[in-house]
Amino acid sequence: TRTQVAIVGAGPAGLMLSHLLSRSGIDSVVVDIRTREEIATTSRAGILEAGSVRLLVDSGVSDRVVAEGDRHDGVVLRFDGENHRIDFRDLVGESVWLYPQTEVFIDLAARRTADGGDVRYGVADTAVDITGDRPVVTFADADGRAVRVEADLLVGADGSRSICRRALPDGVRTEWFREYPFAWFGFLTDAPQSHPELIYARSEHGFALVSQRTPTMQRMYFQCSPTERVQAWDDDRIWAEMRKRVNGNGFELREGPIGARTVLPFRSFVTAPMRHGRLLLAGDAAHTVPPTGAKGLNLALADVRVLHEVITEFFARGREDVLDTYGDRALDRVWKAQHFSYWMTTMLHSAEGVSAFDRERQRAELSLVTGSRHGAAYLAEAYTGWA
Ligand code: DHB
């Protein structure tokens with residue numbers, strides 16, 4: 001098979017790119033080792049920046065995000081037992097939408113199917129070769145048939161364990177990496193909402209996040225050890241931990257039976273260049289952020305927006321040098337999001353062995369961010385997404 005753009009990874013980044021390219025008359029083949037069902041049921045973050053929502057709606061993916069998603073005009077930072085609201089609309093005139101990444105995927109997958117897009121889920125033995133004139137992707141399709149796709153361009157949108165990233169020759173790549181001494185324990189619960197907006201809570205027992213999914217199902221997280229095992233936590237133990245970190249001064253979480261639970265890895269990672277020859281990386285294949293602030297999906301969609309422009313120009317003008325502009329344009333936002341995710345993380349989490357000085361400094365930081373209009377606007381602008 002020949003196509004203009006081969007895309008590895010059918011998550012939101014790969015599918016959104018395929019969708020935008022098809023609207024520009026450029027064809028693509030998308031492959032993913034996961035089945036459509038697997039991608040649609042893997043819990044991910046739930047917050048979309050205003051710009052991500054506009055991209056979904058304006059490019060004709062779906063209106064479901066505005067019809068069924070929840071607009072959030074602010075978030076709560078909770079510390080020392082008190083809630084402090086950051087009012088996005090008042091501060092920067094923007095909002096975010098609570099609309100789970102799995103729903104974004106479902107909308108994109110449905111749109112690609114309706115438009116006759118070539119998306120191969122559930123493939124095996126995917127390999128990429130960028131050593132020839134044109135990139136090649138080989139794989140066994142869901143029926144076990146060997147397939148070879150030759151393309152003008154190859155896009156790696158295949159997540160943090162990207163095989164495309166590894167196709168870049170050694171010595172070409174620079175990587176920046178940061179680990180954190182904790183992780184998140186995430187779970188779903190059948191319970192009513194505890195609060196109309198998200199609560200990011202700092203406590204002496206560690207961080208907790210109260211988020212939502214539907215009127216009867218909630219999503220919550222609490223800081224844990226990176227080696228934590230989900231089997232060690234039954235419902236009672238989870239709620240006891242959440243209560244210690246969030247309840248107090250008249251505020252109480254509304255509890256219910258706990259469903260799916262996972263321990264989320266926590267790291268910051270950036271690789272450059274994002275383009276080498278005819279290979280381009282997008283989303284988690286090129287960078288990973290810790291989950292605090294929910295930037296991962298938003299950043300992937302921002303990459304794809306730039307990538308779509310660059311690829312369209314490449315085919316229109318037949319010039320390879322336009323591909324050079326991709327990395328610099330994308331990395332500017334990538335590093336801003338890296339800083340924001342790192343900053344939110346360190347401001348709200350507690351690390352073992354942290355000095356008394358750092359604890360007091362952290363408290364002062366929270367009081368500056370919530371007590372000053374300028375401090376709050378800094379958070380609001382970053383959270384809703386830089387223009
Ligand atoms: C959610 C996840 C996040 O990492 C975050 O910062 C906010 C919300 C969520 O899953 O709802």
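All values below were derived from every heavy atom in this structure, side-chain atoms included, with hydrogens, water molecules and symmetry-related copies excluded. Order of appearance sets the numbers: ligands from 1, and atoms from 1 within every ligand.
A donor atom on one side chain and an acceptor atom on the other are not found under 3.5 Å apart for Tyr121 and Asp141. Checked by atom type, the side-chain pair Asp158/Ser162 shows a donor-acceptor distance below 3.5 Å. Between the side chains of His72 and Ser95, no donor-acceptor pair is found at a separation under 3.5 Å. Looking only at atom types and distance, the side chain of Arg165 has no donor-acceptor partner in the side chain of Thr271 under 3.5 Å away. Side-chain contact annotation: Ser18 with Arg112, donor-acceptor N/O pair under 3.5 Å present. Between the side chains of Ser268 and Tyr180, at least one donor N or O sits under 3.5 Å from an acceptor N or O.
For atom 10 (O) of ligand 1, the closest heavy atom belonging to the protein is Tyr221 OH, 2.5 Å. Closest to atom 11 (O) of ligand 1, if we only count protein heavy atoms, is Ser211 OG, 2.5 Å. From the protein, the heavy atom lying nearest to atom 6 (O) of ligand 1 is Tyr200 OH, 2.6 Å.
Residue Arg213 has at least one N or O atom closer than 3.5 Å to an N or O atom of ligand 1. Not a single N or O atom of Thr292, backbone or side chain, sits closer than 3.5 Å to an N or O atom of ligand 1. Geometrically, ligand 1 and Leu209 share no nitrogen or oxygen pair separated by less than 3.5 Å.
Of the listed options Ser341, Gly186, Gly46, Gly46 places a heavy atom closest to atom 1 (C) of ligand 1.
Using a 4.0 Å cut-off to heavy atoms of Leu198, the atoms of ligand 1 that qualify are 7 (C), 8 (C). Every atom of ligand 1 is numbered from 1 in the order shown, and the set under 4.0 Å from a heavy atom of Gly293 is 6 (O). Residue contact check: Ala45 has heavy atoms under 4.0 Å from atoms 2 (C), 10 (O) of ligand 1. Set against the non-hydrogen atoms of Ile47, the atoms of ligand 1 under 4.0 Å away are 7 (C), 8 (C).
The side chain of Trp184, and not its backbone, has at least one atom closer than 4.0 Å to an atom of ligand 1 (non-hydrogen atoms only; side chain from C-beta on). The backbone and the side chain of Pro291 each have at least one atom closer than 4.0 Å to an atom of ligand 1 (non-hydrogen atoms only).
Ring geometry for Phe187 versus Trp239: interplanar angle over 60°, hence perpendicular rather than tilted (30 to 60°). The aromatic rings of Phe340 and Trp343 sit tilted relative to each other, their planes meeting at an angle between 30° and 60°.
A cation-pi arrangement, defined by a distance under 6.0 Å to the six-membered ring centre and an angle within 45 degrees of its axis, is present between Lys295 and Trp386.
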